[in-house]
**Student:** 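Pasting a structure here, questions to come.
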Amino acid sequence: AQRVTQPEKLLSVFKGAPVELKCNYSYSGSPELFWYVQYSRQRLQLLLRHISRESIKGFTADLNKGETSFHLKKPFAQEEDSAMYYCALSGGDDKIIFGKGTRLHILP
Amino acid sequence: EPEVTQTPSHQVTQMGQEVILRCVPISNHLYFYWYRQILGQKVEFLVSFYNNEISEKSEIFDDQFSVERPDGSNFTLKIRSTKLEDSAMYFCASSQGGPNTEAFFGQGTRLTVV
C-alpha cells in the first residue's frame with residue numbers, strides 16, 4: 001500500500017536555525033516524491049520534486065531509497081517559511097498521496 | 001498566470017441534499033483531480049479524471065459521488081445525498097501530464113453539512 005508519513009504535526013524553529021521536516025514513505029516500486037506547501041490563506045502549491053533535484057526558496061530534499069525517506073531541509077529558516085508542508089507520493093497510477101502535513105512555525 | 005478556480009468558496013447545505021462543486025482547471029491540462037481535507041486531517045485523494053473518464057478513485061469515492069466534465073472547461077464533483085461527515089474542504093487540481101507532473105490546486109470549496 002502507498003503511504004506517506006510525516007511524524008511531526010508542528011515544528012517550531014527559531015529564525016536563522018536549520019529546518020528539517022521529516023517524511024517517510026511506503027511504496028514497493030519507484031515513486032515520485034514531492035513537497036507541497038500551503039502558506040496562510042493561499043492555495044496548495046508545489047515546492048519541489050525529487051526528480052528535479054533543485055533548491056527552491058533555499059529548501060532541498062534528497063530521496064533516500066534505503067531509508068524510504070524524503071526529508072525537507074533548509075539551512076537557515078526565514079519568517080516567511082512559516083506554512084503547512086505536505087510530503088506527497090505518486091506511484092505511477094493516477095493519484096498523488098499526501099502525508100498529514102507538518103505546520104512549520106518560525107519563531108522570531 | 002493561469003490558475004485553477006473553484007466555486008463557490010463556501011457552501012452550506014442540509015443533510016440529504018445534493019451539492020455540486022465546480023472547478024475550472026487550467027485550459028491545456030489533461031488530468032483532473034478532486035481531493036478533500038476534513039478539518040484537522042490530511043489531504044485525501046478522491047478521484048482522478050482523464051480522457052473523459054475516471055482513471056482512479058479511492059474507497060471514499062462511493063456511489064454518492066460523481067464527477068463530470070460537462071462542457072470541456074468545467075469539472076464538477078456531485079455529492080448526491082450529503083452526510084454530516086462530508087463536511088470538509090474540497091480541492092480541485094489539474095496537471096498537464098499526469099500525477100508525476102506538477103499538480104495545480106484551486107483555493108478549495110468549504111462544504112458544511114448541517
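In what follows, chains carry the letters A, B, and so on, assigned in the order in which the sequence lines appear, proteins first and then strands, with residues in each chain numbered from 1.
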**Student:** Are there over 12 heavy-atom neighbours, none belonging to F76(A), within less than 6.0 Å of that residue's CZ?
**Tutor:** no
**Student:** Non-hydrogen atoms of chain A under 4.5 Å away: do they reach the side chain of F49(B), the backbone, both or neither?
**Tutor:** neither
**Student:** What distance separates C87(A) SG from L47(A) CG, expressed to the nearest 0.5 Å?
**Tutor:** 11.0 Å
**Student:** Chain A heavy atoms under 4.5 Å from Q37(B): which part of the residue, side chain, backbone, both or neither?
**Tutor:** side chain
**Student:** Just checking, is any N or O donor in the side chain of T76(B) or N74(B) under 3.5 Å from an acceptor N or O on the other one?
**Tutor:** no
**Student:** Contact between R80(B) and S66(B) at the side-chain level, heavy atoms closer than 4.5 Å - yes or no?
**Tutor:** yes
**Student:** Quick one: are Y85(A) and L72(A) in side-chain contact, heavy atoms under 4.5 Å?
**Tutor:** yes
**Student:** How many angstroms lie between atom CD of E68(B) and atom CG of L77(B), to the nearest 0.5 angstrom?
**Tutor:** 11.0 Å
**Student:** How many angstroms lie between OG1 in T112(B) and CD in Q14(B), if you round to the nearest 0.5 Å?
**Tutor:** 13.0 Å
**Student:** With no hydrogens and no angle check, do the side chains of D94(A) and S55(B) hold a donor and an acceptor under 3.5 Å apart?
**Tutor:** yes
**Student:** For residues 104-111 of chain B, give me every residue with a non-hydrogen atom less than 4.5 Å from any non-hydrogen atom of chain A.
**Tutor:** F105(B), G106(B), Q107(B)
**Student:** Within residues 18-35 of chain B, which positions have a heavy-atom distance to chain A below 4.5 Å?
**Tutor:** Y31(B), Y33(B), Y35(B)
**Student:** Can you check whether anything in residues 24-36 of chain A gets within less than 4.5 Å of chain B, heavy-atom wise, and list it by number?
**Tutor:** E32(A), F34(A), Y36(A)
**Student:** Which residues, numbered in order, of residues 99-108 of chain A come under 4.5 angstrom of chain B by heavy-atom distance?
**Tutor:** G99(A), K100(A)
**Student:** Is the closest side-chain heavy-atom distance between K83(B) and Q64(B) below 4.5 Å?
**Tutor:** yes
